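Computed from a prediction, not measured in an experiment: that's the story for all the values here. Numbers restart at 1 for each chain; the letters A, B, ... are given by sequence-line order, proteins then strands.
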Amino acid sequence: MSRPPTDFEIRVYDLISTIPKGKVSTYALVARALDCGSNQAVGQALRRNPFAPRVPCHRVVSAALTLGGFNGHRDGDELARKRRMLEEEGVRFDAQGRVHPACIHVFQEWWPAP
DNA sequence: AACCTGACGGACA
DNA sequence: CTGTCCGCCAGGT
């Protein structure tokens, strides 16, 4: 039941592949960088990442800097795994389990001409 | 085509 | 903090 990645998904995967180790981005920031009006659509594209770990979907968290989801789950053991992976890459968390704001990656933005 | 569903986010109670 | 509601849009049925 596989499906070739859609154009939209490829754009998502390509973009998040540029997030360096030790940094994270958010669904909203990815959506904005892609000029996509739905943050949820980005989450849906990552819901099942067919290219793990080539595409580092664990480096995308929620706008509130909570973990979001991982491998189809939004809680439990899978999510704990996501946090560990990030910690091993150097991402720091505060006491409430939220990502340190300094670890947010800023996408290089440029566009043709207004 | 006509719904339904989301790893979302922001507003509000 | 929790929970609800609504807008968003790509994909699936």
Which pairs with one or both residues in residues 18-31 of chain A pass side chain to side chain donor-acceptor pair (under 3.5 Å), sequence neighbours excluded?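 Listed by first then second residue: nothing to list.
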Which Ile, Leu, Val, Met, Phe, Trp or Tyr residues join A/Met85 in one cluster when any pair of side-chain heavy atoms under 4.5 Å counts as a link?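 Listed partners: A/Val24, A/Leu29, A/Val61, A/Leu65, A/Leu67, A/Phe70, A/Leu79, A/Leu86, A/Val91, A/Phe93, A/Val99, A/Ile104.
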List for me each residue that meets side-chain hydrogen bond (donor to acceptor under 3.5 Å, both in side chains) alongside [X], sequence neighbours excluded, and say none if there are none.
X: A/Ser62; value: A/Thr66
X: A/Arg81; value: A/Asp77, A/Glu78
X: A/Glu89; value: A/His58, A/Arg59
X: A/Arg11; value: none

Below 4.0 angstrom, which residues in [range] have at least one non-hydrogen atom near DNA chain B?
range: residues 58-73 of chain A; answer: A/Ser62, A/Ala63, A/Gly69, A/Asn71, A/Gly72
range: residues 77-91 of chain A; answer: none
range: residues 16-31 of chain A; answer: A/Tyr27, A/Ala28

Can you sort out the partners of A/Arg98 under salt bridge (Lys or Arg N to Asp or Glu O under 4.0 Å), two or more places apart, ordered by chain and number?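 Result, salt bridge (Lys or Arg N to Asp or Glu O under 4.0 Å) vs A/Arg98: none returned.
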Can you name the closest pair of heavy atoms from A/Cys36 and A/Phe8 and give their distance?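 Residues A/Cys36 and A/Phe8, closest heavy atoms: SG-CE1, 3.8 Å.
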For residues A/Ser17 and A/Arg54, report the shortest heavy-atom separation together with the two atoms involved.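 Minimum heavy-atom contact is OG-O, 4.3 Å.
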What distance separates A/Arg32 CZ from A/Leu34 CG, expressed to the nearest 0.5 Å?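 Reported to 0.5 Å precision, the distance equals 11.0 Å.
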Supply the atom-to-atom distance A/Arg3 CZ to A/Arg48 CZ, rounded to the nearest 0.5 angstrom.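 Output value for this atom pair is 9.5 Å.
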Just the atom pairs and distances: protein N or O near nucleotides 4-10 of chain C's N or O, under 3.5 Å.
unit_1: C/dC8; atom_1: O2; unit_2: A/Ser38; atom_2: OG; d: 3.4
unit_1: C/dA10; atom_1: N3; unit_2: A/Gln44; atom_2: OE1; d: 2.9

With sequence neighbours excluded, tell me which residues meet side-chain contact (heavy atoms from CB on, under 4.5 Å) with A/Arg74.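 Listed in chain order: nothing, the list is empty.
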